[in-house]
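What you see is a predicted model; the values in this text were computed from it and never measured. Worth knowing before you read on, the calculation uses all heavy atoms, side chains too, and leaves out hydrogens, waters and symmetry mates.
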Amino acid sequence: MCLAVPMMVKSIEGDNAICEIDGVRREASLMMVDDVAVGDYVLIHAGFAIEKLDQEDAEQTLALFRQVLAAGGMPE
């Protein structure tokens with residue numbers, strides 16, 4: 001199963017960004033997404049930002065992820 005996670009862009013240097021969610025920071029390539037700025041939310045998969053998200057969509061997705069984790073994760 002593949003999973004992409006919404007993260008907020010904290011800094012950008014060239015085609016790379018440092019993204020963060022819930023205190024977890026990851027470096028991600030921005031080469032697949034245009035017009036990303038610090039403060040934007042992007043969908044991160046395998047080290048790449050694959051889509052820019054609006055804040056409301058990102059927050060809804062993160063809320064669902066948090067509910068799943070609070071319930072003990074995905075069933076086997």
Side-chain angles (χ1 to χ4, degrees):
M1 176 169 90
C2 296
L3 182 66
V5 178
M7 299 184 86
M8 179 187 283
V9 176
K10 291 297 194 172
S11 66
I12 298 173
E13 186 173 319
D15 284 337
N16 292 313
I18 299 297
C19 302
E20 180 180 334
I21 199 66
D22 293 344
V24 176
R25 287 184 172 235
R26 295 287 183 260
E27 185 173 343
S29 172
L30 298 175
M31 66 185 289
M32 297 173 62
V33 183
D34 293 326
D35 300 321
V36 176
V38 171
D40 286 344
Y41 281 88
V42 290
L43 199 54
I44 303 295
H45 174 68
F48 290 88
I50 59 172
E51 184 176 346
K52 186 175 168 180
L53 301 172
D54 68 32
Q55 184 174 351
E56 184 178 338
D57 287 343
E59 289 174 355
Q60 285 180 329
T61 301
L62 289 167
L64 290 171
F65 284 170
R66 290 176 182 124
Q67 287 176 5
V68 169
L69 289 172
M74 299 292 283
E76 293 183 28

message: According to a hydrophobic-cluster definition based on side-chain heavy atoms being under 4.5 Å apart (Ile, Leu, Val, Met, Phe, Trp, Tyr only), do Ile21 and Leu64 belong together?
response: no
message: Using the rule that Ile, Leu, Val, Met, Phe, Trp and Tyr join whenever any side-chain heavy atoms are under 4.5 Å apart, tell me whether Val5 and Val42 fall into a single cluster.
response: yes
Closest contact, heavy atoms only, Ala49 versus Ala28: N-CB, 4.3 Å
Considering all heavy atoms, the nearest Leu3-His45 contact: O-ND1, 3.2 Å
query: For Met7, which of Leu53, Leu62, Ile44 qualifies under side chain to side chain contact (heavy atoms under 4.5 Å, CB included)?
result: Ile44
task: Would you check if Arg25 and Glu20 make a side-chain contact, meaning some heavy-atom pair closer than 4.5 Å?
output: yes
statement: Rounding to 0.5 Å, atoms CD (Glu56) and OG1 (Thr61) come to a distance of 10.5 Å
message: If hydrophobic clusters are built from ILVMFWY residues whose side chains come within less than 4.5 Å, do Leu30 and Val38 share one?
response: yes
- request: Give a yes or no on whether Tyr41 and Phe48 share a hydrophobic cluster (residues Ile, Leu, Val, Met, Phe, Trp, Tyr; joining criterion: side-chain heavy atoms under 4.5 Å apart).
  value: yes
- request: Starting at CD of Glu13, measure out to CG of Asp15 and round the result to the nearest 0.5 Å.
  value: 11.0 Å
- prompt: Can you name the closest pair of heavy atoms from Val9 and Ala37 and give their distance?
  reply: CB-O, 3.8 Å
query: Same hydrophobic cluster for Met32 and Met8, using side-chain heavy-atom links shorter than 4.5 Å among ILVMFWY?
result: yes
- prompt: Can you tell me how far the OG atom of Ser11 sits from the CG atom of Asn16, to the nearest 0.5 Å?
  reply: 9.5 Å
query: Does Asp35 CG have over 12 foreign heavy atoms under 6.0 Å away?
result: no
- prompt: Would you say Gln60 and Asp57 make side-chain contact, with heavy atoms under 4.5 Å?
  reply: yes
